[in-house]
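Right, one structure below, let's go through it.
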Amino acid sequence: MRVNKLNLTFSSLPENVTIARTLVSTLGAQLDLPINELEELKVAVSEAVSNSIIHGYSNNPNNFVTIEIESSSEKIQIQVVDHGCGIEDVKQAMQASFSTDPDRMGLGFIFMQSFMDELHVESTLNSGTKVIMTKYLNHSHPSSH
């Protein structure tokens with residue numbers, strides 16, 4: 001089984017969310033994911049990266065976020081890693097409408113959970129957060145080739 005691995009580390013700038021989205025979208029397209037699943041992948045990645053920038057680093061642009069993607073014919077696994085402030089209570093943070101920022105809806109983790117097949121969050125206060133999202137590839141859809 002062929003495995004493709006991509007690692008991208010970028011500055012914690014909001015404009016880099018688009019680059020992370022584009023990367024995962026391109027990879028998903030190569031795997032023949034249907035359009036709706038590509039959109040879901042992009043939203044999940046956007047939310048994870050935005051969380052790192054907004055919450056992990058409090059919008060400080062002098063930090064780095066890493067996205068690690070591993071894909072095969074069976075699944076895509078995406079890890080978004082920051083070395084920010086960490087999440088005090090991961091269970092609480094993953095509930096609907098919980099946000100430490102009053103201007104945010106607090107639906108980031110909800111989107112990630114609903115759009116991905118698995119969501120795992122590891123976080124340590126003052127050392128960072130790793131969000132691991134897995135999407136299993138459904139081979140029942142007809143190939144576009």
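Remember, it's a predicted structure, so these values are computed and weren't measured experimentally.
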Please name the pair of heavy atoms, one in S11 and one in P61, separated by the smallest distance, quoted to 0.1 Å. CB-O, 4.0 Å

Do you know which of V80, I78, N7 makes side-chain contact (heavy atoms from CB on, under 4.5 Å) with I69? I78

Rounded at 0.5 Å granularity, tell me how far CD in Q77 sits from OG in S71. 11.0 Å

Could you walk me through whether M112 and N51 pass side-chain contact (heavy atoms from CB on, under 4.5 Å), step by step? CA-CA 11 Å; M112 289 178 234; N51 275 356; 3.6 Å; yes

Treating Ile, Leu, Val, Met, Phe, Trp and Tyr as nodes and any side-chain heavy-atom pair under 4.5 angstrom as an edge, say whether L119 and L137 lie in one connected cluster. yes

Between the CG atom in L6 and the CD atom in E70, the distance rounded to the nearest 0.5 Å is 10.0 Å

Mind checking whether V131 and V90 sit in one hydrophobic cluster, side chains of I, L, V, M, F, W, Y counted as touching below 4.5 Å? yes

For atom CD1 of I35, decide whether the heavy atoms of other residues, nucleotides or ligands shown that lie under 6.0 angstrom number more than 12. no

Given the rule that I, L, V, M, F, W and Y join up when any side-chain heavy atoms are under 4.5 Å apart, are L41 and I132 in one cluster? no

Going from CZ on F10 to CG on N63, what distance comes out if it is rounded to the nearest 0.5 angstrom? 12.0 Å

Looking at E15, I want to see if its CD is surrounded by more than 12 non-hydrogen atoms of other residues, nucleotides or ligands under 6.0 Å. yes

I67 to A20 - nearest heavy-atom pair and separation: CD1-CB, 4.3 Å

Taking atom OG of S46 and atom CZ of F115, what is their separation to the nearest 0.5 Å? 10.5 Å

At what distance, to the nearest 0.5 angstrom, does CD of E118 lie from NE2 of H120? 10.0 Å

If you round to the nearest 0.5 Å, how far is OG of S127 from CG of D82? 9.5 Å

